[in-house]
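One structure is given below, encoded as structure tokens.
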Amino acid sequence: MNEEDNNWHFETESVHSGLSYNEETGAVIPPIFATSTFESDNQHGFDYTRSGNPNFRNLEEVLKKNENAKYATVFASGVSAITSILSTLNSNSLVLAEENIYGCTYRLMDKVFSKFGVSVKYSDLTKQENIDAIADIKPDILWIESPTNPMLKVLDIKSIAEASKAVGANLVVDNTFASSFIQCPLDLGADLSLLSLTKYANGHSDALGGVVCSNNEEWADKMVFAQKALGLQPSPFDCWLIQRGLKTQRIRVERHSENAEKIASYLTDRFPDRKVIYPFLESHPQYNLALKQMRLGSGIITVDLGLDLETTKSFLNELKLFAKAESLGGIESLVCHPASMTHASVPKSVRESVGISDSLFRLSVGIENSDDLIKDICSALKKLGI
Ligand SMILES: Cc1ncc(COP(=O)(O)O)c(C=O)c1O
């Protein structure tokens with residue numbers, strides 16, 4: 001232990017960072033700065049909340065620590081953060097994206113940015129030959145998630161970052177499914193790490209937010225520009241809520257992961273011939289990489305019991321503790337049917353080519369008692385005679 005250094009652990013930084021602006025009252029927790037504008041020439045350099053606010057800055061301070069980044073810019077949602085990055089492209093830009101990405105990221109590229117001449121190629125980046133092919137494709141941006149939504153593929157961020165650097169491309173990692181405690185993409189060589197703060201960062205399903213983190217000043221300037229020029233800023237209140245959520249992120253994510261690992265093992269034992277996908281299960285195709293790259297398995301399990309569509313939907317409806325809802329990463333358990341919910345905007349043929357069948361469902365495991373969650377799953381299966 002070195003008493004002299006000021007490097008605190010993840011959970012200590014999460015509690016103590018970003019606690020400024022309290023000189024006048026001594027309040028331990030900063031207030032919500034519900035102001036649209038600021039008096040000119042104030043000492044903190046604020047002018048108008050579309051381009052900055054004390055609550056944005058406090059939240060950004062914590063996120064910089066959590067993601068080991070020099071710069072962080074917050075946005076109204078994860079999709080706003082994605083939009084801000086894509087908005088930096090030109091009419092001849094080429095994006096190379098992992099073939100399994102979040103449905104709304106796919107939709108933004110396919111339905112919005114394609115209209116402005118941005119081209120997108122998709123590839124299965126778990127395969128070494130496809131990582132090698134980056135050298136020939138020479139994209140401007142490489143876009144990945146790890147684990148991916150919803151197939152939970154684990155991609156080798158370090159080797160994709162090396163391949164990307166070799167052709168002068170920028171690697172963007174959507175870190176939403178892992179979350180900052182589990183993995184720091186910038187440490188593995190990514191240029192940008194983005195998060196939907198709506199998920200594990202906030203953790204309570206009561207606010208939306210997004211962030212883009214980097215170690216590059218030029219990228220940071222572009223993100224602040226996108227925030228104000230495109231009007232993608234969050235609200236001070238949402239920033240305040242998310243900052244509060246971040247204080248407990250580590251203990252929540254540990255519990256999510258512990259519960260998910262137990263449920264995934266239970267489902268594997270009960271259905272050894274079916275698909276139960278969880279990064280920290282030995283049966284996961286990238287299990288060894290997951291152990292190396294991730295501190296924990298996170299809280300999502302993707303399951304395909306091979307049931308027909310109607311039976312799958314009835315099973316989801318029978319669950320009592322898992323609410324059928326979009327989103328993930330909150331303290332309460334949720335279940336989602338990607339084909340009709342999060343990935344409904346992806347054409348069926350594309351969905352099926354990446355494994356998103358009609359019988360696939362995704363569990364976002366909460367922090368409840370794992371025995372209760374397993375009991376709920378058992379009783380829903382029993383009601384359907386399974
Ligand atoms: C991997 C991933 N990235 C980004 C988003 C978008 O985040 P938001 O809903 O905050 O816009 C989501 C939402 O589910 C997601 O799963």
Side-chain angles (χ1 to χ4, degrees), residues 59 63 67 73-87 95 97-113 125 143-155 157 172-180 182-183 185 190 192-213 226-227 230-235 238-239 241-242 245-246 253 256 277 279 294 298-302 323-330 334-346 351 354 356 360-365:
L59 174 60
L63 291 164
E67 287 276 321
T73 311
V74 289
F75 295 94
S77 65
V79 166
S80 310
I82 296 166
T83 303
S84 74
I85 299 172
L86 294 177
S87 76
V95 179
E98 152 59 36
E99 63 180 12
N100 174 212
I101 49 173
Y102 172 51
C104 295
T105 309
Y106 177 91
R107 183 172 60 190
L108 256 182
M109 293 177 182
D110 187 51
K111 295 270 186 287
V112 181
F113 285 92
L125 292 169
W143 195 287
I144 64 170
E145 298 168 6
S146 185
T148 64
N149 180 1
M151 300 310 295
L152 306 182
K153 289 160 74 174
V154 176
L155 306 189
I157 299 175
V172 181
V173 179
D174 183 333
N175 201 26
T176 303
F177 264 45
S179 78
S180 312
I182 289 183
Q183 152 185 299
L192 301 175
S193 174
L194 92 86
L195 292 158
S196 163
L197 300 174
T198 315
K199 319 298 183 200
Y200 289 107
N202 180 48
H204 294 75
S205 308
D206 52 12
L208 276 89
V211 68
V212 178
C213 300
Q227 185 191 53
L230 302 178
L232 297 174
Q233 77 290 340
S235 78
D238 282 350
C239 289
L241 278 175
I242 295 166
L246 285 175
V253 165
H256 285 294
I277 311 172
M294 301 167 70
S298 199
I300 315 291
I301 310 168
T302 296
K324 194 163 116 223
E326 304 247 355
S327 207
L328 58 115
L334 300 178
V335 63
C336 157
H337 181 244
S340 63
M341 296 164 78
T342 49
H343 290 68
S345 59
V346 178
R351 271 198 320 257
V354 299
I356 307 174
L360 192 91
F361 60 91
R362 188 188 80 189
L363 298 170
S364 170
V365 178

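In listed order, ligands and their atoms are each counted from 1.
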For [X] and [Y], which heavy atoms make the closest approach, and how far apart are they?
{"X": "S298", "Y": "F177", "result": "OG-O, 2.8 Å"}
{"X": "I82", "Y": "T105", "result": "CD1-OG1, 3.4 Å"}
{"X": "L152", "Y": "N100", "result": "N-OD1, 4.4 Å"}

Atom indices of ligand 1, in the order listed, that fall short of 4.0 Å to a heavy atom of [X]:
{"X": "F177", "answer": "16 (O)"}
{"X": "N149", "answer": "16 (O)"}
{"X": "V79", "answer": "6 (C), 7 (O), 8 (P), 11 (O)"}

Check: [X]/[Y] side-chain N/O donor and acceptor closer than 3.5 Å:
{"X": "S180", "Y": "E67", "value": "yes"}
{"X": "S77", "Y": "S80", "value": "yes"}
{"X": "T73", "Y": "Q227", "value": "no"}

Do me a favour and list the nearest non-hydrogen protein atom to [atom] with residue, atom name and distance?
{"atom": "atom 10 (O) of ligand 1", "answer": "T198 OG1, 2.6 Å"}
{"atom": "atom 6 (C) of ligand 1", "answer": "Y102 CE2, 3.5 Å"}
{"atom": "atom 2 (C) of ligand 1", "answer": "D174 OD2, 3.4 Å"}
{"atom": "atom 8 (P) of ligand 1", "answer": "G78 N, 3.4 Å"}

**Prompt:** If you measure from CD1 on I300 to CG on N149, what distance do you get to the nearest 0.5 Å?
**Reply:**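 One gets 8.0 Å once the value is rounded to the nearest 0.5 Å.
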**Item:** Min heavy-atom dist K199 to ligand 1 below 4.0 Å
**Value:**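 Yes, K199 has a heavy atom closer than 4.0 Å to ligand 1.
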**Asked** Any nitrogen or oxygen of S196, main chain or side chain, under 3.5 Å from a nitrogen or oxygen of ligand 1?
**Response**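 Between S196 and ligand 1 (N or O atoms, distance only) the closest approach is under 3.5 Å.
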